[in-house]
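Worksheet: the structure to be examined is printed underneath.
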Amino acid sequence: MCRPLMFLALLFAFGATPLSAHETIYEIIETYELRADGSERFLGAVQQPVHPATAASDTAIAAFGPFRVLDDRRAALVDVTGPATPGQFAAMLRAYPQIAELDMIDCPGTEDDHANLRLGRMIRSAGIATRVPAGGSVRSGAVELFVAGARRTVEPGAEFAVHAWLDDSGHEADDYALADPENAKYLAYYREMGMSPIEAEAFYAMTNSAPHASARWLNASQMALWVRLDSPVG
């Protein structure tokens, strides 16, 4: 009777370095059977794409909290942001001052809305472009970081998710008047990011159209209806 199968995963890059060339990294899963005499028999191989966030972490040259430095001019965001993230972003720029693009790969949102808006202003102040590659996912508070980009690029196959925020007392955006400071701070932020007052109100209403416990999902073309992009979406 044979022992359980052994799986050996080998990572190959087809073509140029995938993250720097905006290509896909594939993982080859080779399956072997371990015979009773200790020898191995090759059973086959399956090719599958590696999740972009995993690829970014594997090819990064440095890490600062949820950020991964891909090269001297590009970084990636691959995790949730929090109270410490603005400081981590500042430390990354001190170490790599030429970074000009932030690839938003797997961005679940934020644990601190105030720190998140501060981070967005830092991105805009640094003149950094935001890009969501094919397979990239930008959700919840991470959408505020995407609109902060000095230039914004979205590739087909990217996804976004928005929903209403929830405060410590259990109230959502619609529980406050639009002029209330809790809502006004977001409208002011969107205007700082280049939206007109009408655009800011429309975009904010759209992000709150789904309750906090749910989500409204948008693809690249749908997001282009709400946020001005710097490249066409296929």
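In this text, all values refer to a predicted model and were calculated from it rather than measured experimentally. Both backbone and side-chain heavy atoms feed into the values below; hydrogens, waters and symmetry mates do not.
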Original post:
Can you name the residues that form a side-chain contact (heavy atoms from CB on, under 4.5 Å) with Asp167, not counting sequence neighbours?
Top reply: Trp165, Ser169, His171, Tyr176
**OP:** State which residues pass side-chain hydrogen bond (donor to acceptor under 3.5 Å, both in side chains) with Thr110; sequence neighbours excluded, sorted by chain then number.
**Re:** Thr81
**OP:** Go through the structure and list residues passing side-chain hydrogen bond (donor to acceptor under 3.5 Å, both in side chains) with Asp113, not counting sequence neighbours.
**Re:** Tyr186
Original post:
Can you name the residues that form a side-chain hydrogen bond (donor to acceptor under 3.5 Å, both in side chains) with Glu192, not counting sequence neighbours?
Top reply: Arg121
Subject >> Non-neighbouring partners of His114 that pass ring pair (Phe, Tyr, Trp, His ring centres under 6.0 Å), sequence neighbours left out >> reply: none
**OP:** For Arg228, check salt bridge (charged side-chain N to carboxylate O under 4.0 Å, His left out) against everything at least two apart and list the hits.
**Re:** Glu199
**OP:** Quick one: which residue pairs count as a salt bridge (Lys or Arg N to Asp or Glu O under 4.0 Å) with a foot in residues 202-216, not counting sequence neighbours?
**Re:** none
Subject >> salt bridge (Lys or Arg N to Asp or Glu O under 4.0 Å) pairs, two or more places apart, involving residues 169-184 >> reply: Glu182-Lys185
Original post:
Among all residues two or more places apart in sequence or in another chain, which pass the side-chain contact (heavy atoms from CB on, under 4.5 Å) test with Ala100?
Top reply: Arg73
**OP:** Sequence neighbours left out, what passes side-chain contact (heavy atoms from CB on, under 4.5 Å) with Ala205? Give chain and number order.
**Re:** none
**OP:** Could you pull out all residues at least two apart from Ala91 that satisfy side-chain contact (heavy atoms from CB on, under 4.5 Å)?
**Re:** Phe64, Arg94
Subject >> salt bridge (Lys or Arg N to Asp or Glu O under 4.0 Å) partners of residues 132-150, not counting sequence neighbours, each pair once >> reply: Asp106-Arg139
